[in-house]
Peer 1: 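Let me give you the structure first, and then I'll get to my questions.
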Amino acid sequence: MKLALAADHGAFELKESIKKHLEEKGIEYEDFGCSSKESVDYPKFAYKAAKAVADSKCDLGILCCTTGLGMSMAANKVKGIRAAVCTNEMLAEMTRRHNNANVLCMGQSVVSMELANKLVDIFISTDFDGGRHERRVNQLTDIENGKDIG
Ligand code: RB5
């Protein structure tokens, strides 16, 4: 398991805290920036990490910004990415089980560092349920590919 990590300045500290947590657990990751609290543009960092997931260079992504929202919007523009902003344990579990989300987004102003670590643990250890959810996730891909599913 290798994770792609990225944050903007609004969640630099959260990303560093998650890195420490992953190191303690011996989980491999690649840090796609940013590298300080200096102001940066979140789409560039979301794109780099999301692309690594979409290209199968990393298994799952963890993206953080002040709210989690900008990172999720940017990541979801990358083909093959299903990014979800999660604010509690249930969302982190269900977006893996039902949506086969491959990117977890969190906001430093929204979740505590402790809760963020819990959400990471749940997200990376929960499998996709498949079954009827597979059909629905395939429909997401159809939309992404410009298919009229109406
Ligand atoms: C940066 O000020 C802030 O806009 C960013 O971290 C993120 O929350 C955007 O959605």
Side-chain angles (χ1 to χ4, degrees), residues 1-25 27-126 128 133 136-147 149:
M1 160 84 61
K2 184 178 176 185
L3 302 178
L5 255 59
D8 73 352
H9 56 285
F12 172 70
E13 289 154 314
L14 180 58
K15 174 169 67 67
E16 295 308 299
S17 161
I18 291 169
K19 279 165 61 177
K20 189 165 170 277
H21 177 66
L22 294 175
E23 282 158 21
E24 280 165 10
K25 297 193 83 170
I27 297 168
E28 196 185 352
Y29 66 82
E30 185 166 347
D31 183 355
F32 290 89
C34 62
S35 54
S36 75
K37 287 198 272 182
E38 189 183 326
S39 184
V40 293
D41 297 335
Y42 62 82
K44 296 183 180 185
F45 295 91
Y47 174 74
K48 283 191 266 188
K51 193 76 174 53
V53 175
D55 292 345
S56 301
K57 289 178 181 149
C58 292
D59 299 294
L60 294 170
I62 312 288
L63 305 184
C64 306
C65 59
T66 308
T67 59
L69 299 172
M71 283 300 216
S72 72
M73 289 182 191
N76 276 320
K77 300 285 183 197
V78 177
K79 206 173 166 111
I81 293 302
R82 291 173 301 279
V85 182
C86 295
T87 54
N88 64 38
E89 288 96 329
M90 191 269 267
L91 296 179
E93 178 188 336
M94 294 306 280
T95 200
R96 284 288 307 128
R97 290 183 53 197
H98 285 197
N99 314 125
N100 200 12
N102 49 16
V103 172
L104 167 66
C105 299
M106 296 180 290
Q108 185 173 295
S109 67
V110 183
V111 294
S112 67
M113 300 209 176
E114 190 186 15
L115 177 58
N117 288 340
K118 272 189 207 160
L119 300 191
V120 168
D121 290 347
I122 293 167
F123 188 78
I124 66 175
S125 63
T126 304
F128 179 43
H133 301 294
R136 295 162 184 166
V137 170
N138 287 341
Q139 289 168 5
L140 295 179
T141 306
D142 287 343
I143 294 171
E144 185 176 69
N145 290 330
K147 190 170 168 188
I149 65 161

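First listed ligand is number 1; within each ligand, the first listed atom is number 1. The residues of the chain are indexed from 1 along the displayed sequence.
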Peer 1: What protein heavy atom sits nearest atom 2 (O) of ligand 1, and how far off is it?
Peer 2: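 Ranking protein heavy atoms by distance from atom 2 (O) of ligand 1, first comes His9 NE2, 3.8 Å.
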Peer 1: Tell me: protein heavy atom nearest atom 7 (C) of ligand 1, and distance?
Peer 2: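 Nearest neighbour among protein heavy atoms for atom 7 (C) of ligand 1, to 0.1 Å: Cys65 SG, 3.4 Å.
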Peer 1: For the atom pair CD (Glu30) and NZ (Lys2), what is the distance rounded to the nearest 0.5 Å?
Peer 2: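 Here the rounded value is 4.0 Å.
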Peer 1: Show me which atoms of ligand 1 lie under 4.0 Å from any heavy atom of Asp8.
Peer 2: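 Numbered from 1, ligand 1 contributes 1 (C), 5 (C), 6 (O).
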Peer 1: Rounded to the nearest 0.5 Å, how far does OG of Ser112 lie from NZ of Lys118?
Peer 2: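 These two atoms lie 7.5 Å from each other.
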Peer 1: If you draw a 6.0 Å radius around OH in Tyr47, do more than 12 non-hydrogen atoms from other residues or ligands fall strictly inside?
Peer 2: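 No.
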Peer 1: Between Asp8 and Lys44, is there a side-chain N and carboxylate O pair less than 4.0 Å apart?
Peer 2: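 No, this pair does not count.
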Peer 1: Could you tell me the separation between the NZ atom of Lys15 and the CZ atom of Phe32, rounded to the nearest 0.5 Å?
Peer 2: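 Reported to 0.5 Å precision, the distance equals 11.0 Å.
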Peer 1: Could you find the nearest protein heavy atom to atom 3 (C) of ligand 1 and give me its residue, atom name and distance?
Peer 2: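 In this structure, atom 3 (C) of ligand 1 has Thr66 OG1, 3.6 Å as its nearest protein heavy atom.
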Peer 1: What part of Met73, side chain, backbone, both or neither, has a heavy atom within less than 4.0 angstrom of ligand 1?
Peer 2: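 The answer is neither; Met73 stays 4.0 Å or more away.
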Peer 1: Are any of the N/O atoms in Tyr42 less than 3.5 Å from those in ligand 1?
Peer 2: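 Such a contact does not occur with ligand 1.
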Peer 1: Glu13 pairs by salt bridge (Lys or Arg N to Asp or Glu O under 4.0 Å) with which of Lys20, Lys19, Lys37?
Peer 2: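 Exactly one option meets the salt bridge (Lys or Arg N to Asp or Glu O under 4.0 Å) with Glu13, and it is Lys37.
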Peer 1: Does any N or O atom in Gly70 lie less than 3.5 angstrom from one in ligand 1, N or O only?
Peer 2: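 Yes, Gly70 has an N/O under 3.5 Å of an N/O on ligand 1.
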